[in-house]
**Student:** 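This is the structure I want to talk about, given as structure tokens.
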Amino acid sequence: MNQRLRELRKARGYTQTKMQLLTGIDQSDYSKIEQGTRYYTFEQCKRIAVALDSSMDYLAGLTDEPEPYPRKTEEQNLD
């Protein structure tokens with residue numbers, strides 16, 4: 001799981017500092033998540049999946065398909 005985070009982040013050309021800007025997760029905490037010494041919350045996982053344009057299932061190792069599911073638009077979220 002943690003390897004997937006690192007691989008996706010590097011594939012997108014992002015640094016851990018960029019992930020902090022995209023997710024609001026402190027860079028040192030994000031680093032610990034990638035190293036496997038800290039777990040992320042559901043909300044953090046959601047933010048990471050959106051930032052990396054992937055799915056939470058992929059990050060959790062439940063699928064080998066890194067592509068995200070179709071997402072709701074902002075208008076659909078208001079309904």
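Residues: numbered from 1 along the sequence shown. Given the structure is predicted, the values throughout are model-derived calculations rather than measurements.
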**Student:** Looking at I48, is its backbone amide N or carbonyl O close enough to the side chain of T23 to form a donor-acceptor pair, meaning the two atoms are under 3.5 Å apart?
**Tutor:**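 Checked: no pair found.
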**Student:** Taking the side chain from R12 and the backbone from L52, do they hold a donor-acceptor pair closer than 3.5 Å?
**Tutor:**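 Yes, R12 side chain to L52 backbone: donor-acceptor pair under 3.5 Å.
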**Student:** List the atom of N2, the atom of Q35, and the distance in Å for their closest heavy-atom pair.
**Tutor:**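 Smallest heavy-atom distance, with atoms named: ND2-C, 4.2 Å.
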**Student:** Under a 3.5 Å distance rule, please check whether R4 uses its side chain to pair with a backbone N or O of L59 as donor and acceptor.
**Tutor:**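 Checking the backbone N and O of L59 against the side chain of R4, no donor-acceptor pair under 3.5 Å is found.
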**Student:** Between L22 and Y40, is there a shared hydrophobic cluster once you connect ILVMFWY residues whose side-chain heavy atoms come closer than 4.5 Å?
**Tutor:**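 Yes; tracing contacts between hydrophobic side chains, which count when under 4.5 Å, links both residues.
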**Student:** Can you tell me how far CE of M56 sits from OG1 of T63, rounded to the nearest 0.5 angstrom?
**Tutor:**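 Here the rounded value is 14.0 Å.
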**Student:** Could you measure the distance from the CD atom of Q20 to the OG1 atom of T17? Nearest 0.5 Å is fine.
**Tutor:**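 Going from CD on Q20 over to OG1 on T17, the span is 6.5 Å.
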**Student:** Find the distance between CG (D26) and CZ (R38) and round it off to the nearest 0.5 Å.
**Tutor:**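 Rounded to the nearest 0.5 Å, the CG-CZ separation comes to 8.5 Å.
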**Student:** Taking the side chain as every heavy atom from C-beta outward, state whether L8 and Y58 have any atom pair closer than 4.5 Å.
**Tutor:**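 The answer is yes; the side chains approach within 4.5 Å.
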**Student:** Output the distance between atom CD (Q16) and atom CZ (R6), rounded to the nearest 0.5 Å.
**Tutor:**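 Here the rounded value is 8.0 Å.
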**Student:** Can you give me the closest heavy-atom contact between A51 and Y14, atom names plus distance?
**Tutor:**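 Looks like O-CE1, 3.5 Å.
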**Student:** Calculate, to the nearest 0.5 Å, the distance between atoms CE and CZ belonging to M19 and R47 respectively.
**Tutor:**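 Rounded to the nearest 0.5 Å, the CE-CZ separation comes out at 10.5 Å.
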**Student:** Within this structure, what is the CD-CG distance for the pair E65 and D57, rounded to the nearest 0.5 Å?
**Tutor:**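 Reported to 0.5 Å precision, the distance equals 11.0 Å.
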**Student:** If you compare all heavy atoms of P68 against all heavy atoms of S54, which two are closest, and at what distance to 0.1 Å?
**Tutor:**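 Shortest heavy-atom contact: CB-O, 3.3 Å.
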